[in-house]
There are 2 protein chains.
Amino acid sequence: MSEQQLYELHASICQTLANPKRLEIITHLRDGEKTVGELTEAMQISQANLSQHLALMRQKGIVVSRREGLNIYYRLSNPKIIKACDLMRQVLLENLESGAVLVETARA
Amino acid sequence: MSEQQLYELHASICQTLANPKRLEIITHLRDGEKTVGELTEAMQISQANLSQHLALMRQKGIVVSRREGLNIYYRLSNPKIIKACDLMRQVLLENLESGAVLVETARA
DNA sequence: AAACTACATTCAAACATTAGAATATTCAAT
DNA sequence: ATTGAATATTCTAATGTTTGAATGTAGTTT
């Protein structure tokens, strides 16, 4: 496994976190597993679109799922994901406080 | 500032980290500031493209720069960025070990 | 087995990102 | 003022991402 490949995989994980809805999913899974239905109710998103995001996160190893009857439960694959997200949010908040970042509706 | 906006800004930071060359830049800046020239030499990348990446990282508050004569020095804006990257790399490595992720040339 | 519930997949249009090529800017030295 | 060195910007083609709409699948109930 080359350094290059590691950087690509690492970037691929970041890419998976680089979406507001997916970050919100992570927040909802922070305290334990949830079904797709629960997530759909808790979030402002269509079931189909939620499923798309979950599929991507599953592919990248961010979440894992298990079926129980009709329901499918999702959970984070690794608690370090929460830590990483928290750290990035801290960076964000500190940048906001120091006025280092203009709030340009997020994507400029 | 709404939750939504925070998720968007957070996603925007992740997006900025979601590129192999930019992650490599972060690695090179891990132990202190470097000039654009030093980075260009250390990496397999054109000066123009490096400059594009640095401009993006500057906009998002990931790096800051200062000029000294002809050279421009870049450094990470916040050491927590290193911590966050390290955590994500740990998640990646643990996923690889558990075989939870297929190495599909990174982007599938 | 038909109908239902919960979830997933596929397709396509809109939109965003990437990197090379060319060009511009900034500062320093002469 | 010109030249040279270091870095930045602009443009553009190729590629990747996102989302709604439509449809598919797996398990359950009757």
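Since this is a predicted model, take the numbers as computed values, not measurements. Numbers restart at 1 for each chain; the letters A, B, ... are given by sequence-line order, proteins then strands.
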Pairwise side-chain contact, A:Leu9 with A:Met1, heavy-atom cut-off 4.5 Å (strictly under): yes
Please determine if B:Arg89 forms a cation-pi arrangement with A:Tyr7, meaning its NZ or CZ atom is less than 6.0 Å from the six-membered ring centre and no more than 45° off the ring axis. yes
To the nearest Å, give me how far apart CD (B:Glu38) and P (D:dA6) are. 12 Å
Let me know the distance between CG of A:Asn71 and C1' of C:dA8, rounded to the nearest Å. 14 Å
Are A:Tyr73 and A:Leu54 in one and the same hydrophobic cluster, where Ile, Leu, Val, Met, Phe, Trp and Tyr link if side-chain heavy atoms are under 4.5 Å apart? no
Taking OH from A:Tyr73 and P from D:dG27, how many angstroms apart are they, rounded to a whole number? 16 Å
How is B:Thr35 classified with respect to the nucleic acid when contacts are heavy atoms under 4.0 Å: base, sugar-phosphate, or nothing? sugar-phosphate
Can you tell me the distance, in whole Å, between the CD atom of B:Glu8 and the C1' atom of D:dT18? 13 Å
Base versus backbone protein contacts along nucleotides 18-30 of chain C [heavy-atom cut-off under 4.0 Å; B, S, -]: SBB-B---SBS--
Taking only side-chain nitrogens and oxygens of A:Tyr74, does any of them come within less than 4.0 Å of OP1 or OP2 of C:dA8? yes
Treating Ile, Leu, Val, Met, Phe, Trp and Tyr as nodes and any side-chain heavy-atom pair under 4.5 angstrom as an edge, say whether A:Leu17 and B:Leu96 lie in one connected cluster. yes
Measuring to OP1 and OP2 of C:dT9, would you say a side-chain N or O of A:Arg58 lies under 4.0 angstrom away? yes
Atom CD1 of A:Ile25 and atom C1' of D:dT18: how far apart are they, to the nearest Å? 13 Å
B:Cys14 vs A:Met88 side-chain heavy atoms within contact, under 4.5 Å: yes
